[in-house]
Amino acid sequence: MSINFLSIIAKPKITLTTNPFLVSSPLLFFSNKTKTKPSILTAFSSMSYDKELAAAKKAASLAARLCQARSLSLPLPVFLCLCTPRGYKVQKAILQSDVQSKSDKSPVTVADYGSQALVSYVLQRELPSELFSLVAEEDSEDLCKDGAQETLERITKLVNDILASDGSYSDSTLSTDDVVKAIDCGKSEGGSRGRHWVLDPIDGTKGFLRGDQYAIALALLDEGTVVLGVLACPNLPLTSIAGGSQHSLPGAVGCLFFSVVGGGTYMHSLDSSSAVKVQVSSIDNPEEASFFESYEAAHSMHDLSSSIAKKLGVKAPPVRIDSQAKYGALSRGDGVIYLRFPHKGYREKIWDHAAGYIVVAEAGGVVTDAAGNPLDFSKGRYLDLDTGIIVTNQKLMPSLLKAVRESIEEKVSSL
Ligand SMILES: Nc1ncnc2c1ncn2[C@@H]1O[C@H](COP(=O)(O)O)[C@@H](OP(=O)(O)O)[C@H]1O
Ligand SMILES: [Mg+2]
Ligand SMILES: [Mg+2]
Ligand SMILES: [Mg+2]
């Protein structure tokens with residue numbers, strides 16, 4: 001079905017609105033509030049997302065550059081001193097003064113805020129004719145408090161430096177107010193109607209601070225379905241991390257994964273655009289399978305994962321890494337299973353899984369909750385799910401689900 005035909009049937013409503021980041025305003029945008037029938041929604045899903053993908057890749061790549069930028073500004077001898085066999089220690093050494101604690105006690109850095117502002121700004125500049133809705137992790141509340149002006153200025157400088165280094169938008173330098181506005185565009189509630197970008201500006205902030213894995217995770221929801229995902233993983237080795245070799249020497253790291261619904265998953269180096277198609281592992285013998293889980297024990301019950309792995313017959317020890325880099329690594333077959341069981345009371349957010357979900361699904365993998373239900377990204381900012389998230393290939397999923405069910409039952413009856 002052609003786009004023209006669709007536009008005739010769906011009759012998009014034209015709304016007058018203002019985009020704060022465009023030189024000429026007001027502008028015409030298409031409202032996606034128009035009611036459409038399910039058959040037409042299916043047709044929307046098969047539409048091309050080429051320009052959205054190009055914009056998302058550009059935004060995530062620039063955000064990755066921002067997250068690494070402070071290390072690049074170091075003199076070479078200092079930079080070399082800060083490199084260890086475990087990988088870059090630069091982030092940790094440089095960013096300590098730039099770390100704040102959020103109300104839930106989790107860390108946030110100038111790079112998290114800078115990445116969110118940059119992605120928000122770039123998407124709006126690259127897609128000027130689309131209604132912009134962004135569901136993102138950070139907001140500017142703490143940056144607008146007394147005493148935070150210096151931090152906000154540092155973030156603004158970081159964002160402007162990256163934009164200047166790219167040279168795409170030489171007409172504009174962002175003010176601190178522009179940066180606050182760009183960050184706060186991320187307050188959308190998402191949902192099942194229309195299009196919403198979903199952003200985790202730095203997923204795995206704790207990993208970022210340790211100098212370990214982190215990801216810039218950006219996805220697009222269309223009528224409640226994840227239709228596009230980009231995962232930039234600046235510290236992920238280009239070669240397999242099977243066996244736990246996630247720390248590698250500088251030069252061999254920095255991956256970008258991307259997927260569009262129905263189109264497969266591709267990966268290239270953050271330094272080039274020559275992509276290869278990736279596939280999840282086809283291992284169906286659990287004895288040969290390895291599994292990923294969070295580095296942070298507070299984020300997932302490691303005792304439950306080890307009980308499941310034992311029941312399944314997995315022999316290898318867990319590979320513990322931060323962030324949605326786990327989804328990226330799994331999509332190219334570095335590991336076969338990812339288990340995530342948050343402690344009681346924790347609610348998963350859509351930005352922690354949307355991009356990783358489509359990267360794995362389009363590489364042939366399956367992502368479900370602990371009861372085997374598909375993840376539902378259409379319910380707003382949270383994912384409401386049963387107990388946890390499990391990921392593997394299609395062949396292993398039935399036996400993994402059985403082991404998960406049995407291990408959970410045992411844990412419950414032992415309490
Ligand atoms: N108690 C908890 N249980 C589960 N996940 C948690 C958590 N506290 C924080 N998280 C989430 O875990 C994410 C990191 O995932 P991982 O453990 O796979 O590295 C964090 O993302 P951010 O770093 O973006 O805040 C955060 O959203
Ligand atoms: Mg966070
Ligand atoms: Mg996160
Ligand atoms: Mg984050």
Side-chain angles (χ1 to χ4, degrees), residues 19-24 49-74 79 88 90-91 94-95 98 109-130 132 134 136 138 152-183 185-186 197 199-202 208 214-220 228-236 250-251 253-258 266-275 355:
N19 180 335
F21 298 117
L22 286 157
V23 188
S24 55
Y49 292 98
D50 289 354
K51 65 182 191 320
E52 288 79 9
L53 178 64
K57 285 177 70 179
K58 177 169 183 172
S61 304
L62 288 176
R65 207 190 287 175
L66 179 145
C67 294
Q68 298 163 296
R70 294 170 68 81
S71 61
L72 296 178
S73 66
L74 286 177
F79 174 76
Y88 295 105
V90 176
Q91 295 154 355
I94 298 304
L95 287 169
D98 292 332
T109 72
V110 292
D112 294 69
Y113 289 122
S115 169
Q116 182 157 323
L118 191 57
V119 171
S120 170
Y121 181 76
V122 171
L123 289 177
Q124 290 178 76
R125 289 297 302 253
E126 295 294 315
L127 303 167
S129 61
E130 294 187 12
F132 185 64
L134 176 67
E138 311 302 345
L152 180 56
E153 277 163 15
R154 273 210 304 285
I155 296 162
T156 306
K157 182 174 183 325
L158 261 179
V159 172
N160 281 324
D161 285 352
I162 297 300
L163 290 174
S165 76
D166 180 60
S168 293
Y169 317 114
S170 48
D171 58 333
S172 46
T173 301
L174 274 67
S175 66
T176 52
D177 276 356
D178 292 333
V179 165
V180 164
K181 269 189 214 138
I183 291 171
C185 281
W197 290 97
L199 171 68
D200 196 332
I202 293 188
F208 175 72
Y214 66 99
I216 292 96
L218 179 60
L220 179 64
L228 177 164
V230 175
L231 265 186
C233 305
N235 277 352
L236 189 66
V253 296
C255 305
L256 187 131
F257 298 87
F258 60 95
Y266 293 81
M267 184 197 86
H268 60 68
S269 153
L270 274 170
D271 299 328
S272 95
S273 56
S274 160

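All figures in this text were calculated on a predicted structure; none of them were measured in a lab.
The side-chain contact (heavy atoms from CB on, under 4.5 Å) search around Ala136 returns Gln116, Leu134, Leu199, not counting sequence neighbours. Residues satisfying the side-chain contact (heavy atoms from CB on, under 4.5 Å) test with Ser170, not counting sequence neighbours, are none. Checked against salt bridge (charged side-chain N to carboxylate O under 4.0 Å, His left out), Lys57 has no partners two or more places apart in sequence or in another chain.
Between the CG atom of Leu236 and the OG atom of Ser269 there is a distance of 11.0 Å, given to the nearest 0.5 Å. Between the SG atom in Cys67 and the OH atom in Tyr214 there is a gap of 4.5 Å [rounded to 0.5 Å]. Here the CG-CG distance, from Leu163 to Leu62, works out to 7.0 Å after rounding to the nearest 0.5 Å. Between the OG atom of Ser61 and the CD1 atom of Ile216 there is a distance of 9.0 Å, given to the nearest 0.5 Å. Rounding to the nearest 0.5 Å places CD of Glu153 at 11.0 Å from OG of Ser175. Rounding to the nearest 0.5 Å gives a distance of 5.5 Å between CG of Asn160 and CG of Leu174.
Contact of the Val159 side chain with the Tyr121 side chain is not registered, since no non-hydrogen atoms from C-beta on lie closer than 4.5 Å. Side-chain atoms of Leu118 and Arg65, non-hydrogen and from C-beta on, never get closer than 4.5 Å to each other. Proximity of Tyr169 to Val122: side-chain heavy atoms (C-beta onward) are separated by under 4.5 Å at one or more points. Looking at heavy atoms from C-beta onward, Tyr113 lies in side-chain contact with Ile183 at the 4.5 angstrom threshold. Counting heavy atoms from C-beta outward, Thr173 and Asp178 have side chains that stay 4.5 Å or more apart.
Summarising the geometry of Ala232 relative to Ala64, their closest heavy-atom pair is CB-CB, 4.2 Å, with the distance given to 0.1 Å. Between Asp200 and Ile202, the shortest heavy-atom contact is OD1-O, 2.9 Å. Leu270 and Pro234 get closest at one heavy-atom pair: CD1-CA, 3.7 Å. Between Ala217 and Leu231 the shortest heavy-atom distance is CB-CD2, 3.7 Å.
The aromatic rings of Tyr266 and Phe258 sit parallel, their planes meeting at an angle under 30°, below the 60° perpendicular limit.
A distance-only check finds no donor-acceptor pair linking the side chain of Asp161 to the backbone of Leu158 [under 3.5 Å].
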| message | Under the criterion side chain to side chain contact (heavy atoms under 4.5 Å, CB included), I'd like the reasoning laid out for Leu228 against Trp197: C-alpha separation, chi angles, the key distance, then a yes or no. | response | CA-CA 9 Å; Leu228 177 164; Trp197 290 97; 4.2 Å; yes
| request: Might you work through the side chain to side chain contact (heavy atoms under 4.5 Å, CB included) test for Leu127 and Phe132, ending with a clear yes or no? | output: CA-CA 8 Å; Leu127 303 167; Phe132 185 64; over 6 Å; no
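Side-chain contact annotation: Arg125 with Ser172, donor-acceptor N/O pair under 3.5 Å present.
Using a 4.0 Å cut-off between charged side-chain N and carboxylate O, Asp177 and Lys181 make no salt bridge.
More than 12 heavy atoms of other residues, nucleotides or ligands sit less than 6.0 Å from atom NZ of Lys58.
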